[in-house]
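Scroll down for the structure; my scribbles are underneath it.
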Amino acid sequence: MEQRHLGRTGLRVSRIGLGTLTWGRDTDEHDAADQMKAFWEAGGTLIDTADVYGGGEAEYLLGQLVERLVPRRDLIIATKAGSVPDPYRRFDGSRGHLLAALDASLERLGTDYVDLWQIHAFDTGTPLEETLHALDIAVTSGRARYAGVSNFCGWQLAKAATWQLASPGIRTRLASSQMEYSLLQRGVEREVLPAAIDLGVGLLPSSPLGRGVLTGKYRHTTPPDSRGASEMLAPFVEPYLDEAASRIVDAVATAAEGLATTPLEVALAWVRDRPGVVAPIIGARNAQQLTAALSVESLSLPDEICQALDDVSAPVHRYPDQDWSTL
């Protein structure tokens with residue numbers, strides 16, 4: 001699998017990442033082991049998790065599989081901290097909470113360091129410089145090799161990345177930003193992606209298959225074993241089952257038929273090769289699903305197909321989001 005630099009850093013990661021959102025909850029140890037082995041054998045290196053996935057079970061399960069199946073040196077392990085199961089406070093970006101969460105993550109993962117440590121979301125109740133200081137401490141202490149953020153909007157990402165760049169050698173630059181991005185969700189193109197490209201921050205798209213909808217599995221019915229049929233995840237899928245999404249899914253299916261491939265590969269290749277994107281994060285139910293996604297490595301979409309998909313899924317950009325310098 002092709003390797004790409006993560007933002008403007010020396011860290012190289014596989015251009016497809018493996019997500020673990022369902023590990024320890026819907027994905028058991030056997031399926032997780034099969035996924036990790038298939039991913040590694042395909043040349044994948046980037047595995048993304050978080051301290052809240054499965055209430056910590058995803059990290060624990062990943063830690064159990066590392067070394068037993070795959071050498072630690074062959075993996076780029078990324079995790080996140082900041083989300084909290086508190087009905088009165090969704091995010092805690094305080095330095096104390098974040099560093100304690102990192103130590104707990106390392107213990108569950110059974111490792112001395114993570115390759116990429118990410119702030120899970122912006123905390124409006126904590127000064128941003130305090131949150132970012134936790135990243136500096138994590139890197140200088142050796143507990144994290146690189147740092148990133150997740151779910152930061154355009155101004156939040158620009159402020160954070162610029163703050164870190166203001167003191168080179170003292171503050172650690174942001175290597176990445178993880179955001180939802182797909183043919184069904186192109187909102188990051190308004191401000192997040194331009195800021196990331198300008199500031200040298202690599203984009204790690206989550207839900208690159210539109211929460212599974214872009215595979216075409218929901219075109220005619222809801223499969224009983226799908227996320228859309230799951231009591232917990234059905235509300236996650238439902239927003240992408242409207243008429244507008246249906247037109248985009250039909251276009252992806254038409255492109256796939258013309259290229260003699262699958263809608264999954266078309267949708268994944270489109271987002272993988274967008275400007276600023278480093279590695280879409282794929283969450284699979286089992287190794288068979290993951291292997292189907294990894295087969296995208298050999299596919300590059302023709303320019304005409306990319307343009308057609310761009311047109312059918314184009315988001316509305318109005319003042320002040322669009323580039324007025326050309327007017």
Side-chain angles (χ1 to χ4, degrees), residues 6-7 9 11 17 19-21 23-24 46-60 62-63 76-153 155-180 192 196 199 201-204 206 281:
L6 187 62
T9 74
L11 179 63
T20 63
L21 174 65
W23 285 25
L46 177 61
I47 298 185
D48 181 75
T49 188
D51 62 348
V52 292
Y53 290 175
E57 287 300 310
E59 287 184 329
Y60 179 77
L62 176 57
I76 304 298
I77 295 179
T79 194
K80 313 178 196 72
S83 291
V84 290
D86 185 334
Y88 303 103
R89 183 178 189 178
R90 292 187 60 196
F91 310 116
D92 187 345
S94 66
R95 182 171 49 241
H97 170 79
L98 292 174
L99 293 174
L102 175 57
D103 289 338
S105 289
L106 294 175
E107 183 174 354
R108 284 189 293 268
L109 289 164
T111 184
D112 295 330
Y113 70 95
V114 290
D115 299 277
L116 176 65
W117 190 44
Q118 304 155 97
I119 303 301
H120 211 154
F122 189 88
D123 176 16
T124 58
T126 301
L128 181 59
E129 57 269 28
E130 178 182 337
T131 296
L132 296 173
H133 189 215
L135 296 180
D136 301 332
I137 293 173
V139 172
T140 56
S141 67
R143 286 177 278 178
R145 297 291 191 256
Y146 294 88
V149 296
S150 175
N151 299 309
F152 276 39
C153 70
W155 73 264
Q156 293 165 351
L157 174 62
K159 183 177 181 180
T162 302
W163 176 267
Q164 294 303 97
L165 289 172
S167 297
I170 299 175
R171 299 174 191 156
T172 184
R173 73 176 301 143
L174 296 185
S176 64
S177 176
Q178 187 171 151
M179 298 287 290
E180 184 170 353
V192 173
L199 293 162
V201 178
L203 192 72
L204 299 174
S206 59
I281 307 297

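Starting from 1, each residue takes its place in the sequence as its number. Computed from a prediction, not measured in an experiment: that's the story for all the values here.
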Output yes when a side-chain donor or acceptor of Asp115 lies under 3.5 Å from a complementary backbone atom of Ile77, and no otherwise.
-> yes

Short question: side chain of Arg89, backbone of Val84 - any donor-acceptor pair under 3.5 Å?
-> no

Working to the nearest 0.5 angstrom, can you tell me the gap between [X] [atom1] and [Y] [atom2]?
X	Y	atom1	atom2	result
His120	Asp51	NE2	CG	8.0 Å
Leu204	Gln118	CG	CD	6.5 Å
Thr172	Ile137	OG1	CD1	12.5 Å
Leu199	Ser177	CG	OG	11.0 Å
Leu98	Glu130	CG	CD	8.5 Å
Arg173	Thr162	CZ	OG1	10.5 Å

For [X] and [Y], work out which heavy atoms get closest and say how close.
X	Y	answer
Leu157	Val149	CD1-CG2, 3.8 Å
Val201	Ala161	CG2-CB, 4.2 Å
Val139	Arg145	CG1-O, 4.1 Å
Tyr146	Thr9	CE2-CB, 3.8 Å
Thr131	Gly93	OG1-O, 2.7 Å
Ser176	Leu116	OG-CD2, 3.5 Å

More than 12 non-hydrogen atoms from neighbouring residues, nucleotides or ligands closer than 6.0 Å to [atom1] on [X], yes or no?
X	atom1	answer
Glu107	CD	no
Phe122	CZ	yes
Asp86	CG	yes

[Y] side chain reached by [X] side chain, heavy atoms, under 4.5 Å:
X	Y	answer
Trp23	Thr49	no
Trp163	Leu128	no
Asn151	Gln156	no
Ile119	Phe152	yes

May I ask you to check whether Gln164 and Asp136 show a side-chain donor-acceptor distance below 3.5 Å?
-> yes

Do we get Arg143 above Trp117's six-membered ring, with its NZ or CZ under 6.0 Å from the centre and within 45° of the axis?
->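 Here Arg143 fails the 6.0 Å and 45° test against Trp117.
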
Run the side-chain contact (heavy atoms from CB on, under 4.5 Å) check on Leu106 and Thr111 step by step: do they pass?
-> CA-CA 5 Å; Leu106 294 175; Thr111 184; 4.1 Å; yes

side-chain contact (heavy atoms from CB on, under 4.5 Å) between Lys80 and Asp48, intermediate numbers included | CA-CA 8 Å; Lys80 313 178 196 72; Asp48 181 75; 2.6 Å; yes

